[in-house]
Amino acid sequence: MNASVSHYLHQLKLCAGSQTSSTAKKLHAQIIKAALHLCPPLPNTLLGVYGKCGLVGDALHLFDEMPHRDHVSWASLLTAHNQASLPHRTLSMFRFMYESDSLLPDHFVFASVVKACSSLGAIRQGKQVHARFMLSQFCEDDVVKSSLVDMYAKCGLPDNARAVFDSISKRSVVSWTALISGYARSGRKLDALEMFEKLPVKSLFSWTALISGLVQSGNGVDALYLFIEMRREGVDIVDPLVLSSTVGACANLAVLELGKQVHGLVIGLGYGSCLFISNTLVDMYAKCSDILAAKYIFGGMQQKDVVSWTSIIVGVAQHGRAEEALTLYDGMVGAGIKPNEVTFVGLIYACSHVGFVSKGRAIFRSMIEDYGIRPCLQHYTCFLDLLSRSGHLSEAWNVINSMPFEPDEPTWAALLSACKQHGDTQMGIRVADHLLSLNPEDPSSYILLSNVYAGAGMWENVAKVRKLMTAREVKKNPGYSSIDIGKESQVFYAGETSHPLKDEIFDLLKELDAEMRKRGYVPDSSFVLHDMEQQEKEKLLFWHSERLALAYGLLKAVPGTPIRIVKNLRVCGDCHTVLKFISSIVKRDIIVRDATRYHHFSKGECSCNDFW
DNA sequence: ATAGGGTTAG
């Protein structure tokens, strides 16, 4: 080989390692000047270097001008687009491989194309590529097979992933990791653990795959136990990816004390200023209802990206601070960060919280016109929520009928709470019927329907709904609330009477009840789904889990500190009223995270504006 | 010379 060719080859390799785009362009210019730009393998190497430096445009330009393109050129170009997160382009260009250069895919190309399918979740095309691969001369290639394992795993087909995995002759760590991650993220806990146990050598990579997969499938508790086990095994956390999943688990479970401990670990390991991790910490504190800590982390961040801004906007919006969310949005735009579709979910949500109808309409329009974002179903749902909360029921109905999506459960639920709020029983019943037909197994649909009837005083229908639930064997999930006192966590179930402090709790609730009635409280038993005497119903309400947790908190927590409660179901209307009364009687802030939102009770008011 | 696995916001 020509001495200068190998010189440039060496330089390009260095440049690929350091990923400095200016050097890539300089080297390209020098190569042209030296008239070596057609000497193989320089054109292909250059193509790869452009890809690694993130210069897809230059890569494509070079590719277009190459007189002789081979398999390596194609593989490099497709990989460049995968790396630039443009898997759509990877697939669309792949279609022209045969047409423009009469080339059939080789194993390198197959691997890139499969990866593109997996990041798009394009299972139909993925299966087609799989078939072509099986018919090709490369059908025994293990690298392509491991990319197929990953594709099926990511598309939620772990059994297909397993079938490919079993066909691999020499299984690499990569294929193991892909499969374990696939099982974990599909919620196949036992399969994931079984494969993990069989894994000959467990690296940080494999632990991360398992733990993050479990967090993604909502198995946060298992994920946290595995994280503890990983620490016990002495695995060196040389990069922080596993920490973001762990912080995420704390966020999903709303376990503030544990979250703080993991935060301490993050700082101890030296990742306190890592962008990714700070983003998850902002989210975690917001979800654990410590919005002050969330703002503190956000304020201290050296660099902030769209996720950082969106996390804090969504966080304050969920805590009912709409004006603050909108101010933050101005700050975001001012800082030159472009909002994305998630940001707009938060913003529309914020507007709907305080009934900023025209502001919300303007934001919805701006999203489409200024940022070219096509609204998805979730945007429509938030927007509907805004319209229906503020009483624009017919406009909401029009939107639901004209939007380009089939309404899903949250959509109907948004409309339904509005019907209830505005006493529109007829529409409420229609909506509840839709909801019920969409998900006849979900107890909350029945509760909502029953509440509509109860709100209208249609007691016979309330009874019918209850009978329907029995007939269909739909069981209401038992309600429970948890509360942290110091580092201890306590869980209370509705109606629980076996707690060691039950007498103290009962006495306190009795005392508060008397004081509330003096101030005008009348129990609203329409939320109780049973046929029984009024007094019996009130007794049931009295033992709702959030009240037990609250009383325990008042007895045990440091005086003056806010009481934080996490509930698995939605707070019932009567408890909501009670919590407002109690916040003003005991002059304490009470923060409840229920199944759908946050309630900050303070001085007799709630941040949700009595709408949830 | 080119390929495959683990990370954050709804």
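In the text below, chain A, chain B and the rest are named by the order of the sequence lines, each starting its count at 1.
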Quiz item: Can you find an N or O donor on one side and an acceptor on the other, under 3.5 Å apart, linking the side chain of A/Ser172 with the base of B/dG4?
Solution: yes
Exercise. Give a yes or no on whether a donor-acceptor pair under 3.5 Å exists between the nucleobase atoms of B/dG4, that is its base, and the side chain of A/Ser147.
Key: no
Practice problem: Would you kindly give the CH2-to-P distance between A/Trp207 and B/dT7, to the nearest whole Å? | Solution: 16 Å
Quiz item: A/Asn340 side chain: which of B/dA3, B/dT8, B/dA9 is closest?
Solution: B/dA9
Quiz item: Would you say a side-chain N or O of A/Lys154 is under 4.0 Å from OP1 or OP2 of B/dG6?
Solution: yes
Exercise. Please determine if a side-chain N or O atom of A/Lys145 lies less than 4.0 Å away from the OP1 or OP2 oxygen of B/dA3.
Key: no
Quiz item: So, is A/Gln318 near the phosphate of B/dA9, with a side-chain N or O under 4.0 Å from OP1 or OP2?
Solution: no
Quiz item: In terms of side-chain heavy atoms of A/Leu241, which of B/dT2, B/dG4, B/dT7 is nearest?
Solution: B/dT7
Quiz item: Which of the following nucleotides, B/dT7, B/dG6, B/dA1, is nearest to the side chain of A/Ser181?
Solution: B/dG6
Exercise. Kindly confirm or rule out a cation-pi arrangement of A/Lys338 over A/Tyr371, judged by NZ or CZ under 6.0 Å from the six-membered ring centre and within 45° of its axis?
Key: no
Quiz item: Looking at A/Tyr285 versus A/Tyr296, is the centre-to-centre ring distance below 6.0 Å?
Solution: no
Self-check item: Aro-ring/base stack A/Phe110-B/dA3, d under 5.5 Å, angle under 30°
Solution: no
Practice problem: Ignoring hydrogens and angles, answer whether the base of B/dA3 and the side-chain atoms of A/Asn82 contain a donor-acceptor pair closer than 3.5 Å. | Solution: no
Quiz item: Is it true that the NZ or CZ of A/Arg69 lies under 6.0 Å from the centre of A/Phe63's six-membered ring and within 45 degrees of the ring axis?
Solution: yes
Quiz item: Between B/dT7, B/dA9, B/dT2, which one does the side chain of A/Gln216 approach most closely?
Solution: B/dT7
Exercise. With the side chain of A/Lys52 defined as its heavy atoms from C-beta on, choose the nearest nucleotide among B/dT7, B/dG4, B/dA3.
Key: B/dA3
Quiz item: How many Å lie between CE on A/Met97 and C1' on B/dT2, as a whole number?
Solution: 11 Å
Self-check item: Base of B/dG6 paired with side chain of A/Asp239 (donor-acceptor, under 3.5 Å)
Solution: yes
Exercise. Please report the shortest heavy-atom distance between A/Ser175 and A/Val149, naming the atom on each side.
Key: O-CG1, 4.0 Å
Exercise. Starting at atom CG of A/Asp150, determine the distance to atom P of B/dG5, rounded to an integer number of angstrom.
Key: 5 Å
Practice problem: Could you state the atom-to-atom distance from CG of A/Leu179 to P of B/dG6 in whole Å? | Solution: 12 Å
Quiz item: Nearest heavy-atom pair of A/Leu62 and A/Pro43: which atoms, and what distance?
Solution: CD2-O, 3.8 Å
Quiz item: Is the ring centre of A/Trp207 less than 6.0 Å from the ring centre of A/Phe196?
Solution: yes
Exercise. Please tell me which of the listed nucleotides, B/dG10, B/dA1, B/dA9, lies nearest to the side chain of A/Ser311?
Key: B/dA9
Quiz item: Is A/Phe276 stacked on the base of B/dT8 when the test is centres under 5.5 angstrom and planes under 30 degrees?
Solution: no
Exercise. Look at all strands and tell whether A/Arg185 reaches a base, only sugar-phosphate, or nothing, counting heavy atoms closer than 4.0 Å.
Key: sugar-phosphate
Quiz item: Which of the following nucleotides, B/dG4, B/dT8, B/dA3, is nearest to the side chain of A/Val174?
Solution: B/dG4
Quiz item: Out of B/dG5, B/dG6, B/dA3, which has the shortest distance to the side chain of A/Ser212?
Solution: B/dG6
Quiz item: Among the nucleotides B/dG10, B/dG6, B/dT8, which one has an atom lying closest to any side-chain atom of A/Asn279?
Solution: B/dT8
Practice problem: Measure from the side-chain heavy atoms of A/Ala111 and tell me the nearest of B/dT8, B/dA1, B/dA3. | Solution: B/dA3
Practice problem: Using a cut-off of strictly less than 4.0 Å, decide whether A/Thr177 has a side-chain nitrogen or oxygen near OP1 or OP2 of B/dG6. | Solution: no
